[in-house]
Protein chains: 2
Amino acid sequence: MSAQKQVFIAIIGAGGVGKCFLGQLAALAARRPAVRLSLCYITTSKKAVYSPDYAEINIAGATAALAASETKPLALPALVDYLAVAPSKVVLVDNTSSQDVADAYPQFLSRGISIVTPNKKAFTGSFKLWQDIFNSAAASGAKVYHEASCGAGLPLISTVNDLVDTGDEITKIEGIFSGTLSFLFNSFAPANPAPGVAAGKWSAEVTTAKELGYTEPDPRDDLNGMDVARKLTILARLSGIPVESPTSFPVESLIPAELESASSGDEYLEKLPQYDDQMEKVKAAAEKEGKVVRYVGSVDVTTKTLKVGLQTFDKSHPFAALKGSDNIFSLYTKRYGSNPLIIQGAGAGGEVTAMGVTGDLIKVLNQIA
Amino acid sequence: MSAQKQVFIAIIGAGGVGKCFLGQLAALAARRPAVRLSLCYITTSKKAVYSPDYAEINIAGATAALAASETKPLALPALVDYLAVAPSKVVLVDNTSSQDVADAYPQFLSRGISIVTPNKKAFTGSFKLWQDIFNSAAASGAKVYHEASCGAGLPLISTVNDLVDTGDEITKIEGIFSGTLSFLFNSFAPANPAPGVAAGKWSAEVTTAKELGYTEPDPRDDLNGMDVARKLTILARLSGIPVESPTSFPVESLIPAELESASSGDEYLEKLPQYDDQMEKVKAAAEKEGKVVRYVGSVDVTTKTLKVGLQTFDKSHPFAALKGSDNIFSLYTKRYGSNPLIIQGAGAGGEVTAMGVTGDLIKVLNQIA
């Protein structure tokens with residue numbers, strides 16, 4: 001019998017996704033006896049748990065150990081050094097949305113440390129950072145996977161990569177990438193309204209979405225479309241377009257111009273009813289054509305055209321029939337022809353996001369262990 | 001610079017999928033200089049090309065070489081021996097639908113030969129064969145991937161495996177698994193009929209589908225539901241249910257009892273109009289409720305219940321809105337809750353089936369090379 005292989009795991013971030021990931025990691029470690037998963041570092045922005053000799057941290061007790069810790073996190077360059085000389089291979093799990101951590105990926109990867117992450121920042125920063133990340137990985141052989149950076153646990157990034165890697169040509173990707181905006185439009189302009197249930201005014205739907213926890217604390221952070229633009233940037237880059245940044249193509253903001261400068265989300269919500277006519281008009285114009293309005297991101301790979309904004313769809317279109325806060329992604333390719341490959345489901349949430357990260361970790365372990 | 005790694009590729013089958021796969025393999029070999037993909041064996045049921053010293057066969061010229069060959073294929077035990085002592089790792093690509101080849105998988109795998117295949121027979125035969133296959137692979141470390149055994153290139157098997165491997169619990173899978181039956185019902189009972197276009201009688205739609213090449217030579221081979229039952233068997237087994245065989249659960253045949261024994265597909269088609277009332281009644285009953293009828297496979301994992309047959313759906317249901325001959329798969333899991341993860345698109349065709357095989361090959365190469 002061969003000796004059990006060991007892989008060290010280092011985790012940055014122990015918030016919503018981080019806690020779900022720890023649960024999944026504990027279960028994985030219990031199920032996967034062929035590889036010993038040794039947690040050697042875990043940190044929040046304020047506290048860390050680790051030891052100079054890479055002693056294994058109990059995964060189930062990691063949250064409590066963090067709470068009790070009085071140790072400060074290592075600075076990123078020191079963390080790179082610490083992990084690079086570990087006595088076995090290392091996977092860094094970045095469960096933050098930190099640009100600083102993302103900016104350090106090339107350093108981790110070039111020292112042979114693999115990375116799995118839901119952090120969009122690494123893949124939506126400058127195109128140079130994108131290139132540095134994948135070039136560093138290719139040079140060292142370290143792996144970098146980021147399924148949960150777009151669509152959470154949905155098999156989206158892996159499918160786009162598989163299409164490209166097997167030689168298909170992606171011609172267009174379009175979809176509803178924001179759970180928040182999906183929920184808002186499914187409520188505001190339902191394709192199949194429940195009998196006797198009238199949709200509310202736009203401002204009322206935004207308020208409800210906020211109350212249900214579907215929006216950021218300031219809903220404008222969803223309604224400016226930048227989250228959709230970031231996801232579209234990732235998909236377009238994977239499809240072969242060197243998009244410079246999420247601000248380098250047209251993004252339609254749903255925030256009335258007069259409320260861009262409102263001092264707070266509360267002030268915005270308070271004044272929003274004054275502008276309900278704008279969205280009512282958009283909705284009525286679509287209805288007149290027998291259609292519904294949805295907030296869509298799309299990339300035409302052939303013409304290298306990206307755009308994010310409102311579009312109208314027949315009520316029988318899959319985008320119109322979406323439910324709740326689900327995401328939907330339509331991948332048009334040369335092989336699939338006129339009917340796209342469609343992936344649909346929850347695109348946000350702690351457990352499904354952590355699942356994307358855990359799935360990536362398994363893929364990395366299959367290759368390095 | 002390290003020496004280029006080499007992996008030997010052996011291919012059984014050079015029909016529709018096999019030819020598409022050869023094209024994708026040639027492109028992959030050209031793009032992937034880190035691993036030298038050496039085709040060392042290729043065979044149809046009648047002829048083979050190979051040499052005792054594993055000399056590399058030109059991939060682009062393989063079809064012509066096969067046509068010109070006067071060499072008989074190796075018997076399967078001899079092929080196992082030949083590949084097991086190759087001077088580098090080997091991946092067997094089984095592009096047949098042969099039960100004999102499938103039955104030999106445990107022998108290949110236990111000798112360290114990895115397998116990628118669209119061949120359903122290996123995964124829908126006895127449950128003992130299923131266990132032997134995966135146990136042999138686990139014992140030797142050889143890999144076995146079969147994405148294209150269900151849904152062709154759609155990321156279905158990989159997603160079901162990822163859900164299970166990351167610790168989610170699949171509660172139910174349902175879908176429209178047959179491109180033929182999808183096409184038939186989308187034409188016969190459209191949810192959104194084109195204005196002025198009346199759907200034909202059932203027999204007329206079956207005849208049209210046959211003429212367009214959407215059915216097997218004898219359409220009864222699609223209409224008996226066994227293709228759907230085989231795919232459901234694979235999905236149920238991956239979800240953890242030890243299904244004994246595709247005939248061990250209820251499968252509703254769409255062939256009128258009186259035509260089961262018709263001597264040919266032609267005789268069946270000739271007599272089918274006499275039985276059009278049966279399907280008209282089913283369709284009318286659904287329409288009376290504002291619904292449409294579809295042919296669905298489903299597995300309730302919680303109650304271990306599998307069934308294949310007709311069901312009705314609201315016109316806004318994703319199954320009702322399907323187009324052309326697309327497949328759709330709804331995966332209900334604990335993490336995804338009431339809204340399933342949905343994967344939809346072409347579930348048959350040479351290039352997309354070969355894509356599933358090529359994608360699997362890349363996954364195996366990432367692990368063994």
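These values consider heavy atoms only, across backbone and side chains, with no hydrogens, waters or symmetry-generated copies. Computed from a predicted model, the values in this text were never measured in an experiment. Proteins get letters first, then strands, A, B, ... in listed order; numbering begins at 1 in each.
Rounded to the nearest 0.5 angstrom, A:Ser338 OG and B:Lys323 NZ are separated by 10.0 Å. The CG atom of A:Asn327 sits 11.5 Å away from the CG atom of B:Asn339 when rounded to the nearest 0.5 Å. To the nearest 0.5 Å, the span separating CG on A:Asp165 from CG on B:Leu361 amounts to 11.5 Å.
In terms of non-hydrogen atom pairs under 4.5 Å with chain B, the most contact-rich of A:Asp314, A:Leu28, A:Asp326 is A:Asp326. For the set B:Arg31, B:His317, B:Lys334, the count of heavy-atom pairs under 4.5 angstrom toward chain A peaks at B:Arg31. Each of A:Gly337, A:Gly167, A:Gly345, A:Gly359 has some count of heavy-atom pairs under 4.5 Å with chain B, and the biggest count is that of A:Gly167. Per-residue heavy-atom pair counts under 4.5 Å with chain B were compared for A:Asn161, A:Ile368, A:Thr358, and the maximum is reached by A:Thr358. Among B:Ala320, B:Ala27, B:Pro340, B:Ala346, the residue making the largest number of heavy-atom pairs under 4.5 Å with chain A is B:Ala346.
Remark: B:Arg335 pairs with A:Glu351 by the salt bridge (Lys or Arg N to Asp or Glu O under 4.0 Å) rule, at least two apart or across chains.
When the heavy atoms of residues 147-158 of chain A are compared with those of chain B, the residues falling under 4.5 Å are A:Gly153, A:Leu154, A:Pro155, listed by number.
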Next item on the list: May I have the step-by-step check of side chain to side chain contact (heavy atoms under 4.5 Å, CB included) for B:Ile362 and A:Thr166, ending in yes or no?
Entry: CA-CA 8 Å; B:Ile362 293 171; A:Thr166 63; 4.1 Å; yes

Next item on the list: Tell me, with the steps shown, if A:Lys363 and B:Asp162 meet side chain to side chain contact (heavy atoms under 4.5 Å, CB included).
Entry: CA-CA 10 Å; A:Lys363 291 183 180 79; B:Asp162 278 355; 3.1 Å; yes

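Of all heavy-atom pairs spanning B:Ser316 and A:Ala321, the tightest one is O-CB, 3.9 Å.
With a 4.5 angstrom heavy-atom cutoff, A:Thr159 touches chain B only via side-chain atoms. Both the backbone and the side chain of A:Leu341 come within less than 4.5 Å of a heavy atom of chain B.
No side-chain heavy atom of B:Lys143 sits less than 4.5 Å from a side-chain heavy atom of A:Asn366.
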